There are 2 protein chains.
Amino acid sequence: MALAKTSTKKRLEIGAELVGDAEIIDGYANILFGVVKLIKGLPDGREQIVGLQFAPDFLGRPFQTESAVSAQAATNVVLCSFPKRTLEALIKQSPQLEHSLLKQALRELDEARDWMLTLGRKNALERVASYLLLIANYIDPALRPQEVIAFDLPMSRLEIADFLGLTIETVSRQLTKLRVDGVIQVRQSRHIVVNNPARLKTFSGG
Amino acid sequence: MALAKTSTKKRLEIGAELVGDAEIIDGYANILFGVVKLIKGLPDGREQIVGLQFAPDFLGRPFQTESAVSAQAATNVVLCSFPKRTLEALIKQSPQLEHSLLKQALRELDEARDWMLTLGRKNALERVASYLLLIANYIDPALRPQEVIAFDLPMSRLEIADFLGLTIETVSRQLTKLRVDGVIQVRQSRHIVVNNPARLKTFSGG
DNA sequence: CGGGTGCTTGAGTTTGCTCAACGGGCGTGG
DNA sequence: CCACGCCCGTTGAGCAAACTCAAGCACCCG
């Protein structure tokens, strides 16, 4: 990539905050490995995860920050960051880059709106099923309806709850229900086997 | 505006669907007057409003549609639409335009994420209070905390419920509660007087 | 005046939350 | 090596918030 010269590779431990790091928040970064969560909170401590960024997503907010979301590494993360100045200079000389930023922003907007439907209108079981499908789909974008798929959840129960607008207890109960119904298997609480993606989808409410 | 030559002014009756209209969905439009709602639905009929666009917002999805959201006029609407071809041609010769599209997409993304927090973590009363503040803020962006403000809601109770992820009965009950508490006055069900925006804000959860 | 639509209110039910106890995995220290 | 504590997740019991269903009211229009 043309940015190679000015970019720096960074490793973030799980749980690391990405705000505070001026170079990252002012500039832009490319996630090479791992999962970053975007969080919004209320004054009384309630929190909602408003976005998940997987490799190889871009990360950051060009032009005017103040986005009021904070970012945190959900897993160990490796990213390739470059300063704000570099990015803006590159945009000036290459409309192509701005175009790809626009495409990513529109994709994130679609994802956010999909999730608004989940948060506003789905019940707890449907939300958990939707979440599992989201992760399964990230692990294998070409997933077939009848194909068994296994993966490790990149998030704790608390993080899942904060993503789904539920409590940890409710998340746990719905996972148990899916397990008892034979739709999934749960091992070591992080490792999930989806026996039947098509059936899981029927639980997700569409 | 430079687009004046190829643009056409359109009037939409309240309730009119904007999908189906190829010229609008493929292209882009400028809302001159009124409110447009963006809707997502589940197969069983549940619906969630995932965005509200007020004048003078842009409307539409450049490059690759298939956004799976449908748009509908919440009030009578006047918009100025231009065909996809025109827009794309203009973008080619003016990076400035793409830049403003990016800015609008980022703004909509922020709004969507704000609302995810509301949908995922606020209770019914907080949601209704947040909605009233949202509308009040649209009516008067320079609203002061102690200033009384009156306005007509641009949406029915059903639409408000679909926006807040609630039922119409719950919306009605929370409005009653705010009225009984003296925070607002309700006249003819559409006309709202906010006696004390600062106090309303304390009900909105932040 | 009758019917329709949209809103409000009430009663009962359901869903998910709260609070609390318990259990397994893992790291630390004896 | 085992004992202990800690963290995370699970499970249970009771409760509270929002939903469902149903009735009633105001307004509009024919």
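What you see is a predicted model; the values in this text were computed from it and never measured. In the text below, chain A, chain B and the rest are named by the order of the sequence lines, each starting its count at 1.
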One pair to check against side-chain contact (heavy atoms from CB on, under 4.5 Å): B/R127 and B/L119. What are the steps and the verdict? CA-CA 8 Å; B/R127 292 186 202 195; B/L119 293 175; 4.2 Å; yes

Quick one: A/K177 NZ to D/dG12 P, roughly how many Å, whole number?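 After rounding, the gap between these two atoms is 13 Å.
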
In whole Å, I'd like the distance from the NE2 atom of B/H191 to the C1' atom of C/dC7.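 Whole-Å distance recorded here is 17 Å.
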
For the residue pair A/F163 and A/W115, does the interplanar ring angle fall in the parallel (under 30°), tilted (30 to 60°) or perpendicular (over 60°) class?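 If you compare the ring of A/F163 with that of A/W115, the planes turn out parallel.
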
Would you name the heavy atoms of A/N196 and A/Q146 that are closest together and state the gap between them?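 In this case the closest contact between A/N196 and A/Q146 is OD1-OE1, 3.9 Å.
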
Give the minimum heavy-atom separation between B/T167 and B/A161, together with the two atoms involved.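 Heavy-atom minimum between the residues: C-CB, 3.6 Å.
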
Just to be sure I understand the rule, does B/R127 reach a base, reach only the sugar-phosphate, or reach nothing, if contact means heavy atoms closer than 4.0 Å? nothing

Ion pair B/E111/B/R107, N-O distance below 4.0 Å: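 Yes.
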
Could you pull out the protein-nucleic contacts involving nucleotides 16-18 of chain C (nitrogen or oxygen on both sides, under 3.5 Å)?
residue	atom	partner	partner atom	Å
C/dG16	OP1	A/A124	N	2.7
C/dC17	OP2	A/T167	OG1	3.2
C/dC17	OP2	A/T170	OG1	2.3
C/dT18	O4	A/R173	NH2	3.0

Considering residues, nucleotides and ligands other than A/R190, do more than 12 of their heavy atoms fall under 6.0 Å from its CZ? yes

Considering residues, nucleotides and ligands other than B/R85, do more than 12 of their heavy atoms fall under 6.0 Å from its CZ? no

Per-nucleotide protein contact string for nucleotides 23-30 of chain D, where B marks a base within reach and S marks sugar-phosphate only (heavy atoms under 4.0 Å, - for neither): --------

Under the salt bridge (Lys or Arg N to Asp or Glu O under 4.0 Å) test, residues paired with A/R46 that sit two or more places apart: A/D44, B/E126

